[in-house]
Participant: 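Okay, here's the structure, questions in a sec.
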Amino acid sequence: MANTKVTNFLELVLHSGLIDKGVLDAHLDRIVQEQGEQILFDPARLAEQFVQAGLLTRWQSEKLLEGRHRGFFLDKYKLLDHLGSGGMSSVYLAEHVLMNRRVAIKVLPKERVNDSSYLARFRREAQAAAALDHPNIVRAYDIGNEGNIHFLVMEYVEGQDLQGIVRQQGPLDPLTAAEYIRQAAVGLHHAHQAGLIHRDVKPANLLVDKNGTVKILDLGLARFTGEEQASLTLAYDENVLGTADYLAPEQAINSHAVDARADIYSLGCTLYYLLTGHPPFPEGTLPQRLMAHQKQPPPSIKKERPDVPDDLIRICMRMMAKKPAARYQTMAEVADALAEWLTAHGKPTESSSGRGKRPKPSPRPAVLPVAKPLRATPLENQPPLSAGVDSALTETAKEKQAPTLTVRGAAKGAAEPGSDKLKRLPKAKPLDEAPSEELVFDWGRPASVAARYTAPKPSLPPAKLLLDPRIMPLWLWGLLLGGVVLSIILVILLVLF
């Protein structure tokens, strides 16, 4: 015979509707046979057996042991667990009673229902989520209410948000951080194209599922770019919306007037958080932090993380530029910049459109092989050398040593201007042996010329040179022959007389 506590617990289970009476009796008999009648005197042990059998979740058993039997069902959904709470809502893991599909249900607190601003924002989130369908954005399935309980049914993401990941594991490695932010940029680009500005991008609103896919959630502060629907923040005189640690400077002044570039700033602050473990300006009061975002440059990431590459830091700093015009102008640009960075550092990614993988580029040599000879081009008709490249032909003092071509320039793989550390190409033939053709050396810059020359034509033999009328004109020949004849006549006269 069970004691009073166990009897009360079993009655609560039946009244909750979580377990049918027939199923409960069958499992109770089996548990008594396996564990003995002593278990009927311990409601906690009995509840644990129900959890292990899959009849109750641990959260449900805890509520039942506390004496609660209501609130486990909401419309067509059975609540399985409490995932978290915030100022705006509470989120529960739930399961559709008939379809057995697990979802996340966001419930607006009862005390907020009478606040027209919160209720309007709650409905706005449903409208915003319903307008989007993207793998990097949490999908919305339904919205409804049971009396004064308003709820939003969303896609359930089994994973953890980026804020929780960093708190548990510490700052992320650069490749992982860049990939997470790239995915978030792709999802936000989709939202921006649909006319939505998120306005609350932060690590806690970016979930990572078990497959490493980033999911954007919490569109409660999203603003439609349409003129008619953009007045929600104005209607309730809410000029400053968002989270202070990730708020764009212009958003702190007027939240309802921002555009997509405000989300870019917030995403840049999120990348900063992933690399350092804290937001850019973590110290001070709320007004002081807001002012720091307005006026101060963020502390150097390099001081805390010397392993973070400079080019990734430059991407982050451009995203966090104080003036919107100095940032990337679209999330597609952010996604492409991060994708190119990841590819350059050995991690190919999908493009910003999400179609296909970006191929890993083959390494570019410092000096490419000499191209096949081309037809000679007169020097006066040759195009100018590429900017930043200074070429020269240098002959050695020794006759046996062939001349070499030395290139001094700023092209990739070359020495810096003025440096004595020069790249030397293979020895070229002497000019009198070189073919009458143009040699082109490419240092890796598309359509660039590092150095070129045209060899002179071989010289003519002396005999042919004298007979060439271009060298010795006819009138000069006549003058020369006349002088010779006159000299002979003078000599003869001198001999005779």
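Please read all numbers here as calculations on a predicted model, not as lab measurements.
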Participant: Is it the case that over 12 heavy atoms from other parts of the model lie below 6.0 angstrom from the CE atom of M317?
Facilitator: yes
Participant: Side chains of I137 and K215: does their closest heavy-atom pair fall under 4.5 Å?
Facilitator: no
Participant: When you check the side-chain N and O atoms of E179 and Q183, is any donor under 3.5 Å from an acceptor?
Facilitator: yes
Participant: Side-chain contact, heavy-atom cut-off 4.5 Å: Q168 with Q160?
Facilitator: yes
Participant: Quiz question: by atom type and distance under 3.5 Å, do the side chains of E304 and H278 form a donor-acceptor pair?
Facilitator: yes
Participant: Under a 4.0 Å N-O cut-off, is there an ion pair linking R139 with D133?
Facilitator: yes
Participant: Between H15 and E11, is any side-chain donor less than 3.5 angstrom from a side-chain acceptor?
Facilitator: no
Participant: With a cut-off of under 6.0 Å to the ring centre and 45° to the axis, is R102 in cation-pi contact with Y77?
Facilitator: no
Participant: Is there a side-chain contact between W59 and L80, using heavy atoms and a 4.5 Å cut-off?
Facilitator: no
Participant: Do E146 side-chain atoms and D75 backbone N/O form a donor-acceptor pair below 3.5 Å?
Facilitator: yes
Participant: Report yes if the side chains of K63 and L65 come closer than 4.5 Å at any heavy-atom pair, otherwise no.
Facilitator: no
Participant: If you compare all heavy atoms of L271 against all heavy atoms of C316, which two are closest, and at what distance to 0.1 Å?
Facilitator: CD2-CB, 3.7 Å
Participant: Counting heavy atoms not belonging to R68, are there more than 12 under 6.0 Å from its CZ?
Facilitator: no
Participant: So that I can tick it off, tell me whether E34 and R30 are bridged by a salt bridge, with the cut-off set at under 4.0 angstrom between side-chain N and carboxylate O.
Facilitator: yes
Participant: Would R261 count as a cation-pi partner of Y328, with NZ or CZ less than 6.0 Å from the six-membered ring centre and within 45° of the ring normal?
Facilitator: no
Participant: With sequence neighbours excluded, tell me which residues meet ring-ring contact (aromatic ring centres under 6.0 Å, His included) with Y273.
Facilitator: none
Participant: Can you tell me which residue pairs pass the ring-ring contact (aromatic ring centres under 6.0 Å, His included) test with a partner in residues 303-323, sequence neighbours excluded?
Facilitator: none
Participant: What are the two closest non-hydrogen atoms of D173 and R305, and how far apart are they?
Facilitator: CA-NH2, 4.0 Å
Participant: Tell me which pairs pass ring-ring contact (aromatic ring centres under 6.0 Å, His included) where either residue lies in residues 286-318, with sequence neighbours left out.
Facilitator: Y265-H293, F281-H293
Participant: Do Y156 and L93 have side chains that approach each other closer than 4.5 Å (heavy atoms only, starting at C-beta)?
Facilitator: yes
Participant: Just by distance, no angles: are the side chains of D263 and H192 close enough, under 3.5 Å, to form a donor-acceptor pair?
Facilitator: yes
Participant: Counting C-beta onward and ignoring hydrogens, is there a side-chain heavy-atom pair between L10 and L28 closer than 4.5 Å?
Facilitator: yes
Participant: Are the charged groups of E283 and R289 less than 4.0 angstrom apart, N to O?
Facilitator: no
Participant: What distance separates R101 CZ from E95 CD, expressed to the nearest 0.5 Å?
Facilitator: 11.0 Å
Participant: Taking all heavy atoms of L55 and all of I19, pick out the closest pair and write down the distance.
Facilitator: CB-CD1, 3.6 Å
Participant: Between K106 and M154, is there a side-chain heavy-atom distance shorter than 4.5 Å?
Facilitator: yes
Participant: Is it true that R314 and D310 have a side-chain N and a carboxylate O under 4.0 angstrom from each other?
Facilitator: no
